[in-house]
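Encoded as structure tokens, the structure appears first; notes follow it.
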Amino acid sequence: MLQANKGNVISRFHKTSLEIRNLELTYYLTVFNRLSSISSILAGFASSALTMSVPGWEDSLLVTSFLIFTSCAFGTNLLVIL
């Protein structure tokens, strides 16, 4: 009787442990899904910023730094999506 009771307790423990792991996995999948959704939206904004026309009278250093930072933001967003 003691062995059956012990087996029952152990099987309930393992079942509860697996349920907790399943909840954790569901949580992490939800977090990463939201992160990739937000990242794809921000990548769209960054790609539209890359297609903006820059006036010719702007400082070339300012334009170059804008393009570099926008490209880095776009690349980072694409890395998060993948």
Side-chain angles (χ1 to χ4, degrees):
M1 185 66 171
L2 189 58
Q3 286 290 12
N5 217 1
K6 178 182 173 184
N8 190 14
V9 168
I10 289 175
S11 65
R12 275 191 308 196
F13 169 74
H14 287 297
K15 185 178 176 186
T16 306
S17 175
L18 287 176
E19 288 174 357
I20 291 172
R21 287 183 183 181
N22 188 21
L23 290 174
E24 286 177 345
L25 183 62
T26 305
Y27 170 75
Y28 286 124
L29 286 175
T30 305
V31 166
F32 287 127
N33 187 20
R34 288 181 183 164
L35 184 68
S36 67
S37 299
I38 292 170
S39 180
S40 64
I41 291 170
L42 292 177
F45 291 148
S47 67
S48 67
L50 281 174
T51 60
M52 285 181 8
S53 62
V54 180
W57 52 268
E58 287 290 335
D59 185 23
S60 63
L61 180 63
L62 182 67
V63 172
T64 304
S65 63
F66 171 75
L67 290 175
I68 287 173
F69 288 127
T70 305
S71 299
C72 288
F74 183 65
T76 305
N77 284 326
L78 290 179
L79 284 176
V80 170
I81 291 171
L82 296 177

Query raised in the report: With respect to Asn22, which candidate in Ile20, Leu18, Thr26 satisfies the side-chain contact (heavy atoms from CB on, under 4.5 Å) definition?
Result: Thr26

Report task. List for me each residue that meets side-chain contact (heavy atoms from CB on, under 4.5 Å) alongside Ile41, sequence neighbours excluded, and say none if there are none. Result -> Phe45

**Report entry** Closest non-hydrogen atom pair, Thr70 against Ala49
**Finding:** CG2-CB, 3.9 Å

**Report entry** Residues clustered with Leu25, ILVMFWY side-chain links under 4.5 angstrom
**Finding:** Leu29

Query raised in the report: Is there a side chain to side chain contact (heavy atoms under 4.5 Å, CB included) between Thr30 and Arg34 once you walk through the steps?
Result: CA-CA 6 Å; Thr30 305; Arg34 288 181 183 164; 3.9 Å; yes

Let me have the donor-acceptor pairs involving side chains of residues 8-16, under 3.5 Å, with sequence neighbours excluded, atom names and distances please.
unit_1	atom_1	unit_2	atom_2	d
Ser11	OG	Gly7	O	3.2
Ser11	OG	Asn8	O	2.9
Thr16	OG1	Arg12	O	2.8

Query raised in the report: Applying the 4.5 Å side-chain criterion to the ILVMFWY set and letting contacts propagate, would Ile38 and Val31 be lumped into a single cluster?
Result: no

Requested in this report: Kindly give the heavy-atom pair with the smallest separation between Ser47 and Phe74, and that separation in Å.
Outcome: CB-CE1, 3.7 Å

**Report entry** side-chain contact (heavy atoms from CB on, under 4.5 Å) involving Asn33 - partner list, sequence neighbours excluded
**Finding:** Ser36, Ser37

Query raised in the report: Linking Ile, Leu, Val, Met, Phe, Trp and Tyr through side-chain heavy atoms less than 4.5 Å apart, which residues share a cluster with Leu79?
Result: none

Report summary line: Sorted by chain and number, sequence neighbours left out, side-chain contact (heavy atoms from CB on, under 4.5 Å) with Asn5 holds for none

Query raised in the report: Mind checking whether Leu35 and Tyr28 sit in one hydrophobic cluster, side chains of I, L, V, M, F, W, Y counted as touching below 4.5 Å?
Result: yes

Requested in this report: Treating Ile, Leu, Val, Met, Phe, Trp and Tyr as nodes and any side-chain heavy-atom pair under 4.5 angstrom as an edge, say whether Leu61 and Phe69 lie in one connected cluster.
Outcome: no

Report task. Using side-chain contact (heavy atoms from CB on, under 4.5 Å) as the criterion, list what pairs up with Glu58, not counting sequence neighbours. Result -> Val54, Pro55, Leu62, Val63

